[in-house]
Amino acid sequence: MKLGAFSISLNVKDIQLSKSFYENLGFQTFGGDINQNWLIMKNDDTIIGLFQGMFEKNILTFNPGWNQNAENLESFTDIRDLQKQLIEKGVKILTKAAETSEGPAHFTLEDPDGNQILVDQHR
């Protein structure tokens, strides 16, 4: 199962402070808008998202259709197909992508320890 680009989305208390901290670790701003309280930062192939006031827990994030540089992949498994495969394996999906939709969509699930996982297709 190919889930696409991986990042971790961090729930931060102070986005300016977190940005400075991760810059000290070699991360650079890769996307987002700090004025809207979210940034995407990158260090080599490692991607983190900093989100202030948008969700309660840290979230593991996968982006079907993208590589680690947020570039479109020529071929990828559509999010609705990924969701269907997981449901067939007995995985509980918390929020589902509409099966009849096309293009951008997302679904969420949790691992056995309560870690949230977002599968978010942008195209």
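From a predicted model like this one, the values you see are computed outputs, not experimental measurements. Note that these values count all heavy atoms, side chains included, but never hydrogens, waters or copies made by symmetry.
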Checklist entry - Side-chain heavy atoms under 4.5 angstrom apart, residues restricted to Ile, Leu, Val, Met, Phe, Trp, Tyr: same cluster for L118 and I47? => result yes
Item to check | Pairing residues for T61 by the side chain to side chain donor-acceptor pair (under 3.5 Å) criterion, not counting sequence neighbours | outcome: S9
Checklist entry - Between the side chain of S20 and the main-chain N/O of Q16, is any donor-acceptor distance below 3.5 Å? => result yes
Checklist entry - How many angstroms lie between CG in D111 and CG in N115, if you round to the nearest 0.5 Å? => result 4.0 Å
Checklist entry - Is M1 close to Q85 at the side-chain level, that is, under 4.5 Å between some pair of heavy atoms? => result yes
Checklist entry - Ignoring hydrogens and geometry, is there a side-chain-to-backbone donor-acceptor pair from D44 to T46 under 3.5 Å? => result no
Next on the checklist: Between N11 and F55 (side chain of the first, backbone of the second, donor and acceptor by atom type, cut-off under 3.5 Å), is there such a pair?
Outcome noted: yes
Next on the checklist: When you measure from the side chain of N67 to the backbone of N69, do you find a donor-acceptor pair of N or O atoms at a distance under 3.5 Å?
Outcome noted: yes
Checklist entry - For residues Q28 and N43, is any side-chain donor paired with an opposing acceptor at under 3.5 Å? => result no
Checklist entry - Do I34 and K19 come close enough that some side-chain heavy atom pair is under 4.5 Å? => result yes
Item to check | Gap separating the OG atom of S101 from the NZ atom of K96, nearest 0.5 angstrom | outcome: 13.0 Å
Checklist entry - If you round to the nearest 0.5 Å, how far is CD of Q52 from CG of L10? => result 13.0 Å
Checklist entry - Is V91 reachable from L94 through a run of I, L, V, M, F, W or Y residues, each pair having side-chain heavy atoms under 4.5 Å apart? => result no
Item to check | Flag side-chain contact, heavy atom, 4.5 Å: V12 against W38 | outcome: no
Checklist entry - Heavy-atom distance under 4.5 Å between the side chains of D120 and F107, does that happen here? => result no
Next on the checklist: I need the minimum non-hydrogen distance between L86 and I93, along with the two atoms involved.
Outcome noted: CB-CD1, 4.2 Å
Checklist entry - Below 4.5 Å, heavy atoms only, C-beta onward: do P104 and Q121 meet side chain to side chain? => result no
Next on the checklist: I'd like to know if the side chain of R80 and the backbone of A105 have a donor-acceptor N/O pair within less than 3.5 Å.
Outcome noted: no
Checklist entry - Would you call the rings of F6 and F62 parallel, tilted or perpendicular, where under 30° means parallel and over 60° means perpendicular? => result tilted
Checklist entry - Counting N and O atoms only, with roles assigned by atom type, does the side chain of D14 sit under 3.5 Å from a partner on the main chain of L17, one being a donor and the other an acceptor? => result yes
Checklist entry - Shortest non-hydrogen contact from R123 to N72? => result CD-OD1, 3.1 Å
Item to check | Atom pair OG/CE of S7 and M41 - distance to nearest 0.5 Å | outcome: 13.5 Å
Checklist entry - Is there a side-chain contact (heavy atoms from CB on, under 4.5 Å) between I59 and I8 once you walk through the steps? => result CA-CA 6 Å; I59 302 172; I8 186 160; over 6 Å; no
Item to check | Atom CD of E99: over 12 foreign heavy atoms under 6.0 Å | outcome: no
Item to check | Heavy-atom side-chain proximity of T108 to I117 below 4.5 angstrom | outcome: no
Next on the checklist: Just to verify, which of L60, N63, I79 counts as forming a side-chain contact (heavy atoms from CB on, under 4.5 Å) with V119?
Outcome noted: I79
Checklist entry - Does Q68 reach the main-chain N or O of D45 with its side chain, forming a donor-acceptor pair under 3.5 Å? => result yes
Next on the checklist: Just checking E88: does its CD atom have more than 12 heavy atoms from other residues, nucleotides or ligands closer to it than 6.0 angstrom?
Outcome noted: yes
Item to check | Minimum side-chain heavy-atom gap F51-I40 below 4.5 Å | outcome: yes
Checklist entry - Do L73 and W66 pass the side-chain contact (heavy atoms from CB on, under 4.5 Å) test, and can you show the C-alpha distance, the side-chain angles, and the key distance before you say yes or no? => result CA-CA 5 Å; L73 297 172; W66 275 4; 5.7 Å; no
Checklist entry - Quick one: does NZ or CZ of K42 land under 6.0 Å from the six-membered ring centre of F30, within 45 degrees of the ring axis? => result yes
Next on the checklist: If I take atom CG from residue L109 and atom CD from residue Q83, how far apart are they, to the nearest 0.5 angstrom?
Outcome noted: 9.5 Å
Checklist entry - Can you tell if the side chain of K57 reaches within under 4.5 Å of the side chain of E110, non-hydrogen atoms only? => result yes
